[in-house]
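See structure below.
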Amino acid sequence: MDSEPDSRSLPAGWTFFRQWLKNPLRVAAISPSSRQLARQMMTQLPRNCRRVIELGGGTGVFTQALIDHGIEPAELLVLELNEELHQHLVRQFPHAGVVCGDAGNLLAISREHGFEGEHGADAIISGLGLLSMPRQTQQAILQAAFDSLRPDGRLIQFTYGPANPVMREVLEALELTSRRASFTWWNVPPATVYVYQRRVSRSLTPRSMR
């Protein structure tokens, strides 16, 4: 019998599809994200964005889009839990910080790579399957994400379907705002982009003059 082909010689789409066959519950889509979705994600980056964390790097569609957008590879931190996809990313982006890790450990990983405080990320790009997560896990990941962002940073998340993937209770607990930014049919399956930010503190009402 012929041996299984070396994943290093396979197209990115086939590598992604193989991982879906192995674990369809963890890899939600059957093909990598489209370039149109990547463009829509990039348009939501803040102005003068310099440092970015990507959660769920996959085959590198968003990673390449970020670099094309002007983000230096050295200012990128990419997390990917799947070992084969992680190795693919390491080969494709040797100068980026590519980590085989769980988003549940994001805070420790981001701190290890210098993403905290004034040096936090300007944005986090995410394709995690938040809809399938219980509230506790979802809230822990979002808490870690905003602890890794600058105070005015934003989380840009895509999801399959029109519903907001973050529970209202989580938004309230973390004092976040959310907005639906865009939707594309040209993705398999169709995807919606949401943007999350910290709520702006209300200005103190000045005391009346006596």
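Source: prediction; values computed, not measured.
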*asked:* Show the nearest heavy-atom pair for residues D152 and R198, with the distance to one decimal.
replied: N-NH1, 4.5 Å
*Do T192 and S182 come within less than 4.5 Å of each other through their side chains, counting heavy atoms only?*
no
*So do the side chains of V193 and L37 get within less than 4.5 Å of each other, counting heavy atoms only?*
yes
*So if you build clusters from Ile, Leu, Val, Met, Phe, Trp, Tyr with side-chain heavy-atom gaps below 4.5 Å, do I156 and L55 land together?*
no
*asked:* Let's go through L77 and V99 carefully: what are the C-alpha distance in whole Å and the side-chain angles of both, what is the deciding distance for side chain to side chain contact (heavy atoms under 4.5 Å, CB included) to 0.1 Å, and is it a yes or a no?
replied: CA-CA 7 Å; L77 175 60; V99 177; 3.8 Å; yes
*For the residue pair L81 and C100, establish whether any side-chain heavy-atom pair is separated by less than 4.5 Å.*
no
_Considering only residues two or more places apart or on different chains, which pairs with a residue in residues 110-134 satisfy salt bridge (Lys or Arg N to Asp or Glu O under 4.0 Å)?_
R111-E116, D122-R150
*Does any N or O in the side chain of N105 come within less than 3.5 Å of the main-chain N or O of A108, such that one atom is a donor and the other an acceptor?*
no
*Heavy atoms, side chains only, cut-off 4.5 Å: are Y194 and V166 in contact?*
no
*With a 4.5 Å limit on heavy-atom distance, are the side chains of V78 and H86 in contact?*
no
_Straight-line distance of S126 OG to L142 CG, nearest 0.5 Å_ = 8.0 Å
*Heavy-atom closest pair, residues A38 and V61*: CB-CG1, 4.0 Å
_Tell me whether E80 contacts the main-chain N or O of N82 through its side chain, where contact means a donor paired with an acceptor under 3.5 Å._
yes
*Is any side-chain heavy atom of L45 closer than 4.5 Å to a side-chain heavy atom of L66?*
yes
*Below 4.5 Å, heavy atoms only, C-beta onward: do L174 and Q143 meet side chain to side chain?*
yes
*asked:* Just verifying a value: how many Å separate T137 OG1 and L130 CG, rounded to the nearest 0.5 Å?
replied: 10.5 Å
*asked:* Could you check whether any side-chain N or O of H113 sits under 3.5 Å from a backbone N or O of I109, counting only pairs where one atom can act as donor and the other as acceptor?
replied: yes
*H95 (side chain) donor-acceptor with P73 (main chain) under 3.5 angstrom*: no
*Of all heavy-atom pairs between T59 and L89, which one has the smallest distance, and what is that distance?*
C-CD2, 3.9 Å
*Transitively linked via ILVMFWY side-chain contacts under 4.5 Å: L76 with F115?*
no
*Under 3.5 Å side-chain donor-acceptor pair for Q44 and Q40*: no
_A side-chain contact here means heavy atoms from C-beta on lying under 4.5 Å apart; do R39 and M42 qualify?_
no
*Can you see which heavy atom on A191 is nearest to which on Y160, and at what distance?*
CB-CD2, 4.2 Å
*Following the transitive rule for hydrophobic clusters with a side-chain heavy-atom cut-off under 4.5 Å over Ile, Leu, Val, Met, Phe, Trp and Tyr, establish whether L79 and L149 coincide in one cluster.*
yes
*ILVMFWY cluster, M133 and L171 together (side-chain gap under 4.5 Å)*: yes
*asked:* If you compare all heavy atoms of R135 against all heavy atoms of A173, which two are closest, and at what distance to 0.1 Å?
replied: NH2-CB, 4.4 Å
*asked:* Please report the interatomic distance NE2(H69) to SG(C49), rounded to the nearest 0.5 Å.
replied: 6.5 Å
*asked:* Between Q139 (side chain only) and V170 (backbone N and O only), is there a donor and an acceptor less than 3.5 Å apart?
replied: no
*State plainly whether one hydrophobic cluster holds both I53 and F146, where clusters connect Ile, Leu, Val, Met, Phe, Trp and Tyr through side-chain heavy atoms under 4.5 angstrom apart.*
yes
*Are the side chain of S148 and the backbone N or O of A144 linked by a donor-acceptor pair below 3.5 Å?*
yes
*Provide the full list of salt bridge (Lys or Arg N to Asp or Glu O under 4.0 Å) pairs with a residue in residues 158-175, sequence neighbours left out, each pair given once.*
E172-R199
*Using the six-membered ring of Y196, assess whether NZ or CZ of R154 lies under 6.0 Å from its centre and within 45 degrees of the ring axis.*
no
*For the residue pair Q92 and H88, confirm or rule out a side-chain donor-acceptor distance under 3.5 Å.*
yes
*R179 CZ to N164 CG distance, which is reported to the nearest 0.5 Å*: 12.5 Å
*Look at the side chain of Q157 and the backbone N and O of L128, then say whether any donor-acceptor pair between them is shorter than 3.5 Å.*
yes
*asked:* So which atom in G58 and which in L85 form the shortest heavy-atom distance, rounded to 0.1 Å?
replied: O-CB, 3.7 Å
*If only atom types and distance count, is the side chain of Q138 paired as donor or acceptor with the main-chain N or O of M167 below 3.5 Å?*
yes
